[in-house]
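The model shown is predicted, which means the values in this text are computed figures rather than measured ones.
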Amino acid sequence: MDQLAVTLIELGAVVFVLGLLARLAGRVGMSPIPFYLLGGLGFGAGGIIQLDGVREFSHLSGEIGVILLLLMLGLEYTADELFTGLRKSWQAGVLDAVLNAIPGAAVALLLGWGPVGALVMAGVTYISSSGIAAKTLTDLGRLGNRETPVVLSVLVFEDLAMAVYLPILTATLAGVGFFGGLQAVAIALAVITVVLLVAMKHGQRVSAIVHSENAEVFLLTVLGAALLVAGLASALQVSAAVGAFMLGIAISGATAHNATRMLEPLRDLFAAIFFVAFGLSTDATSIPPVLGWALLLAVATTATKMLTGWWAAGRAGIGKPGRVRAGAALVARGEFSIVIAGLAVASGAVPGQMAALASSYVLIMAVLGPLIARFIESWVKPFIKPRKAPVAGAGTSA
């Protein structure tokens, strides 16, 4: 059998299995991300069936998946919303970064992975999954809750932090040195600033350039623009994913809504292949030695995210049940953590064990996050004392 036929058969089998896994995830009310990762582990080295024919295709498709993930994340925000969210949440965002980056960095140093490994693992444990958080809040009917804007503000701060973190990480992994890293950060900040200013002043013009009443023309224009901007960003030593995120922010109004609707199936397809590709690059037999560390990180960073949400919601004057719900909504990790680990593993600058640790950690957190969000209030309700209602006619003392 020729190589093309083998590749097509393997690719068809992988995509078909992904469909079955997504259906299973929907039936049990969970994010499909852990199922996709398990699928990749099953098809990779040390898995049940090793497929080599789809590796080259899955690598490029995975890169497109990351670009579409970040593009559509950017489409959810306008420049004004980003600035408003940053102004409201910067203190909670800083606390979030410190509390949740330290455990990952500490474990990397304990395992002897050095400063580069510490930088990577700090990002893996820091960033919550915006996708899982948004889906969980929607499924539980909590979009109208008082604590939800607090949660979204923290997620916005994390997304902006990633726009700065990813160029730093890319430069560090490339080994460009301290001054090269500073140059990469300066370029990234300049690009982000220019794009945000363009989005605020000329967002309608950007939207008009990519908009079309013809669905085919619209899809090709938006997708082509995303890949072009991502490639140019990468050429400037800025993360391709950040370039796509910035383009999403620049597109606004009805154009952003239509782009989201049309790109969603493509995003789901390529993102699924991205998670499978990461699983394929991870040797399943390397997971058991790091599983204990993954569980330790899961416990530690669940506690730190809960503390972040509790503190942020408390500053907004929200009661104890809402504070608990805010913390629980931030627990899940997912797409961004895998993006960070994938960049590191592909560079060859970190040990292969990191892929195993990141996979195990994200598997645990992607499952644990929605479960905690669903049940946390009933678990802690006996420990939360209700406020006493004021006695009618009672005076107040000075």
Under 4.5 Å between any side-chain heavy atoms of V210 and L247, yes or no? no

Same apolar cluster (I L V M F W Y, side chains within < 4.5 Å links), Y126/W311: no

Rounded distance (nearest 0.5 Å) linking atom CG of L18 with atom CG of L269: 8.5 Å

Close side-chain approach of L371 and F375, heavy atoms under 4.5 Å: yes

Check: A356 main-chain N/O paired with S360 side-chain donor or acceptor under 3.5 Å: yes

So V362 and F336, do their side chains get closer than 4.5 Å, heavy atoms only? no

Does any non-hydrogen side-chain atom of S337 lie less than 4.5 Å from one of I127? yes

Looking at every non-hydrogen atom in both residues, tell me the closest pair between M306 and V324 and how far apart they are. CE-O, 3.7 Å

For G93, does its backbone N or O pair with a side-chain atom of E158 as donor and acceptor, under 3.5 Å? no

Spacing of L343 atom CG and L169 atom CG [to the nearest 0.5 Å]: 6.0 Å

Would you say the side-chain atoms of T125 pair up with the backbone N or O of N100, donor to acceptor, closer than 3.5 Å? yes

Test side chain to side chain contact (heavy atoms under 4.5 Å, CB included) on W113 and V350 and set out the steps. CA-CA 7 Å; W113 293 344; V350 297; over 6 Å; no

L266-V217 co-clustered via ILVMFWY side chain contacts under 4.5 Å: no

Side-chain donor-acceptor contact under 3.5 Å, Y361 with T301: yes

Verify same cluster id: L297, L110 (apolar side-chain graph, 4.5 Å): yes

List the steps and the verdict of side chain to side chain contact (heavy atoms under 4.5 Å, CB included) for M121 and L357. CA-CA 9 Å; M121 285 305 301; L357 178 57; 3.7 Å; yes

Can you confirm whether N258 sits close enough to F218 that some side-chain heavy atom of one is under 4.5 Å from a side-chain heavy atom of the other? yes

CG of L75 to OG1 of T260: how many Å apart, nearest 0.5 Å? 4.5 Å

All heavy atoms of T304 vs all of L99, minimum pair found to be CG2-O, 3.5 Å

When rounded to the nearest 0.5 angstrom, what distance separates CG in L95 from CZ in F157? 10.5 Å

For the residue pair S128 and V331, establish whether any side-chain heavy-atom pair is separated by less than 4.5 Å. no

With sequence neighbours excluded, residues passing side-chain contact (heavy atoms from CB on, under 4.5 Å) with A316: V150, I318

Residues forming a salt bridge (Lys or Arg N to Asp or Glu O under 4.0 Å) with R142, sequence neighbours excluded: none

Minimum heavy-atom separation for A328 to I372, with atom names? CB-CG2, 3.7 Å

Nearest heavy-atom pair of S129 and G334: which atoms, and what distance? CB-N, 3.5 Å

State the CG-CG distance between L232 and L227, to the nearest 0.5 angstrom. 11.0 Å

Which residue pairs pass the salt bridge (Lys or Arg N to Asp or Glu O under 4.0 Å) test with at least one member in residues 249-265, sequence neighbours excluded? E264-R267

Taking N145 for its side chain and E147 for its backbone only, find out whether a donor-acceptor pair lies under 3.5 Å. no

Taken to the nearest 0.5 Å, the spacing of L291 CG from L363 CG works out to 9.5 Å

From the list R325, K305, R315, R323, side chain to side chain contact (heavy atoms under 4.5 Å, CB included) with W310 holds only for R323

Can you confirm whether M354 sits close enough to V120 that some side-chain heavy atom of one is under 4.5 Å from a side-chain heavy atom of the other? yes

Heavy-atom closest pair (V367 atom, P370 atom, distance to 0.1 Å) is O-CD, 3.5 Å

Mind checking whether V154 and L307 sit in one hydrophobic cluster, side chains of I, L, V, M, F, W, Y counted as touching below 4.5 Å? no

Shortest non-hydrogen contact from A358 to A341? CB-CB, 3.5 Å

What about L220 and V206, same hydrophobic cluster or not, with Ile/Leu/Val/Met/Phe/Trp/Tyr joined at side-chain heavy-atom distances under 4.5 Å? no

Does A298 offer a backbone N or O that forms a donor-acceptor pair with the side chain of T302 under 3.5 Å? yes

Is there side-chain contact between Y36 and I273, with heavy atoms separated by less than 4.5 Å? no

